[in-house]
Asker: 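What follows is a single structure, and I will ask about it in a moment.
Chain A is the first sequence line, chain B the second, and so forth, proteins listed ahead of strands; every chain is numbered from 1. Quantities reported herein were computed from a predicted structural model and do not represent experimental measurements.
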Number of protein chains: 2
Amino acid sequence: MTPSSTRGLKRRAAFGEGRPRGKNRAARDKLDLAELNGHVGYFLRRLQVAIFKDFIETLADFDVRPAQYSVLVLIAANPGRSQAAISKTLNIERARLARMLHELERRQWVERRSAANDGRSHSLLLTPAGQKVLAQIKRLAARHEKQAAEMIGAERRAQLLALLREFG
Amino acid sequence: MTPSSTRGLKRRAAFGEGRPRGKNRAARDKLDLAELNGHVGYFLRRLQVAIFKDFIETLADFDVRPAQYSVLVLIAANPGRSQAAISKTLNIERARLARMLHELERRQWVERRSAANDGRSHSLLLTPAGQKVLAQIKRLAARHEKQAAEMIGAERRAQLLALLREFG
DNA sequence: AGATATTGTTGTCAATGACAACATGTTCTC
DNA sequence: GAGAACATGTTGTCATTGACAACAATATCT
């Protein structure tokens, strides 16, 4: 494969160019990443996109995106809390969360009742239907996580998780 | 407004509630992440967003977003290659790359000349101006990477990079 | 030669992030 | 206790992004 090894016939890299041709189209086009190799963000993003893609596919039957999942999980684990609390915890913008909750309410998974102690805020709860659905969703999410572990290697995943978690 | 709340004195946390009050608003609202703690994707995304935010801020003077940066670096390191090659390497959709290149061409950083050996594809090159700008941009990108290292800890960053890089 | 595939392009749609403005309610300060 | 300052949820708007379909031009395969 090395350009300097003239393997007799197979004159693929006969000239300086050495472009792959014909059959080897799809795979053999890899370029030099150059300084991208030194950027954590680059690889971080690639992996994150791949993982989210798997998540979305795995949960396609419920049409739940990662952000929605995180909101559902947070409401389930912290019932009665306000949108502001969820928003701050997940770094989701207030405006966006409001719209997302409209959708989750439309699906009858989430209930908003006005908080007892603060007339401005809403207490968020899962409806019984929401709880039931979330249980199924969590099973799929667990399956996704298993697939992710296969994809990146179980121990690498564990190491990554340990490293990443030290933020918040 | 609350019907059940006796209008008397500071009745705020008189019961089991124990909500944070007054001053401690901003910080003390942290909720239980529950099963999110088991999802690499969740933490991966949080860190990625934080890092990209820093990148964008650090390179704000040049108005270069991460994707644009990666394209510029790849063209510089692999001059003459086609859009398809860049697209595949960076997992950027063909359509999106085409539009991005229009913008980079408008800024006079990138030149597209039709490839000699394939009438369909374009050979991508940096213009002299583009090379000059990219040199400055790379300095800012290096500064960003340094900031990221401070942010997440130099060794954690190194470990992360090592782990993440084993994909591609 | 004719079927098939690739390349670059444009159009469109949905999701997202960012930000401003607003009404309503709460907390702070005096 | 009144008024300033702030918090909360909402809507509106804009820019960016990802996904997908369609297309013309060109290359490649059989």
Asker: Atom CZ of B/Arg120 and atom P of C/dA5: how far apart are they, to the nearest Å?
Answerer: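 Answer to the nearest Å: 13 Å.
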Asker: Determine: side-chain N/O of A/Arg65 to OP1/OP2 of C/dT16, distance under 4.0 Å, yes or no.
Answerer: yes
Asker: For B/Arg139, give me all partners under side chain to side chain contact (heavy atoms under 4.5 Å, CB included), at least two apart in sequence or on another chain.
Answerer: B/Gln136
Asker: Can you list every pair that meets salt bridge (charged side-chain N to carboxylate O under 4.0 Å, His left out) and has a residue in residues 71-80 of chain B, with sequence neighbours left out?
Answerer: none
Asker: To the nearest 10°, let me know how far the axis at one end of the helix from C/dA1-D/dT30 to C/dC30-D/dG1 is tilted from the axis at the other, five pairs an end.
Answerer: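 Terminal axis comparison yields 30°.
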Asker: Counting N and O atoms only, with roles assigned by atom type, does the side chain of B/Glu35 sit under 3.5 Å from a partner on the main chain of A/Ala142, one being a donor and the other an acceptor?
Answerer: no
Asker: Give me each pair satisfying salt bridge (charged side-chain N to carboxylate O under 4.0 Å, His left out) with a member in residues 54-76 of chain A, each pair once, sequence neighbours excluded.
Answerer: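 For residues 54-76 of chain A, and leaving out neighbouring residues, the salt bridge (charged side-chain N to carboxylate O under 4.0 Å, His left out) pairs sorted by first residue read A/Lys53-A/Glu57, A/Asp63-A/Arg107.
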Asker: Going by side chain to side chain contact (heavy atoms under 4.5 Å, CB included), name the residues that satisfy it together with B/Ala77, two or more places apart in sequence or in a different chain.
Answerer: A/Asp32, A/Ala34
Asker: How would you list all residue pairs meeting ring-ring contact (aromatic ring centres under 6.0 Å, His included) that involve residues 74-99 of chain B, not counting sequence neighbours?
Answerer: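 Those involving residues 74-99 of chain B do not exist here.
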Asker: Report the distance from atom CG of B/Asp118 to atom P of C/dG8, rounded to the nearest whole Å.
Answerer: 8 Å
Asker: Could you check whether A/Gln83 gets within reach of a base, just the sugar-phosphate, or nothing at all, counting any heavy atom under 4.0 Å?
Answerer: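 The answer is sugar-phosphate, as A/Gln83 gets under 4.0 Å only of primed atoms, P, OP1 or OP2.
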Asker: Distance check needed: C/dG8 P versus B/Arg113 CZ, whole Å only.
Answerer: 15 Å
Asker: Could you tell me whether the phosphate oxygens of D/dG9, OP1 or OP2, come under 4.0 Å of any side-chain nitrogen or oxygen in A/Lys88?
Answerer: no
Asker: With sequence neighbours excluded, tell me which residues meet side chain to side chain contact (heavy atoms under 4.5 Å, CB included) with B/Glu93.
Answerer: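 Side chain to side chain contact (heavy atoms under 4.5 Å, CB included) list for B/Glu93, sorted by chain: B/Ala95, B/Arg96.
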Asker: Quick one: B/Arg94 CZ to D/dC20 C1', roughly how many Å, whole number?
Answerer: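 For the pair B/Arg94 CZ and D/dC20 C1', the rounded distance is 11 Å.
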Asker: Could you tell me the separation between the CG atom of A/Asn117 and the P atom of D/dA7, rounded to a whole number of Å?
Answerer: 17 Å
Asker: Would you mind telling me which residue lines up with the more 5' stretch of DNA chain D, A/Ser123 or A/Val49, judged by nearest nucleotide?
Answerer: A/Ser123
Asker: Once ring-ring contact (aromatic ring centres under 6.0 Å, His included) is applied, what residue pairs with a partner in residues 70-106 of chain A remain, sequence neighbours excluded?
Answerer: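 Matches after skipping sequence neighbours: none remain.
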Asker: Please give, in whole Å, the distance from C/dG8 C1' to B/Leu124 CG?
Answerer: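 It is 11 Å, rounded to the nearest whole Å.
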Asker: Please, which pairs that meet ring-ring contact (aromatic ring centres under 6.0 Å, His included) have at least one residue in residues 58-91 of chain A, sequence neighbours excluded?
Answerer: A/Phe55-A/Tyr69, A/Tyr69-B/His39
Asker: Report yes if at least one side-chain N or O of B/Arg112 is closer than 4.0 Å to OP1 or OP2 of C/dT7; otherwise report no.
Answerer: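 False: B/Arg112 side-chain N/O out of range (4.0 Å or more) of C/dT7 OP1/OP2.
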Asker: Counting N and O atoms only, with roles assigned by atom type, does the side chain of B/Gln48 sit under 3.5 Å from a partner on the main chain of A/Gln48, one being a donor and the other an acceptor?
Answerer: no
Asker: Return the value, rounded to whole Å, for the distance between atom CD of B/Glu93 and atom C1' of C/dG8.
Answerer: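 Checked: the CD to C1' distance equals 12 Å.
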Asker: Rounding to a whole Å, what distance do you find between B/Arg81:CZ and C/dT7:P?
Answerer: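 From B/Arg81 CZ to C/dT7 P: 11 Å.
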Asker: Could you check which residues of residues 67-80 of chain A get a heavy atom under 4.0 Å from DNA chain C? Sort them by number, please.
Answerer: none
Asker: If you take any heavy atom closer than 4.0 Å to DNA chain C, which residues from residues 95-105 of chain A end up in contact?
Answerer: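 A/Ala95, A/Arg96, A/Arg99 - these, ordered by number, are the residues of the stretch whose heavy atoms sit under 4.0 Å from the strand.
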Asker: Does A/Leu140 offer a backbone N or O that forms a donor-acceptor pair with the side chain of A/Thr58 under 3.5 Å?
Answerer: no
Asker: Identify, with sequence neighbours excluded, every residue that meets salt bridge (charged side-chain N to carboxylate O under 4.0 Å, His left out) alongside B/Lys132.
Answerer: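 Partners of B/Lys132 under the salt bridge (charged side-chain N to carboxylate O under 4.0 Å, His left out) test: none.
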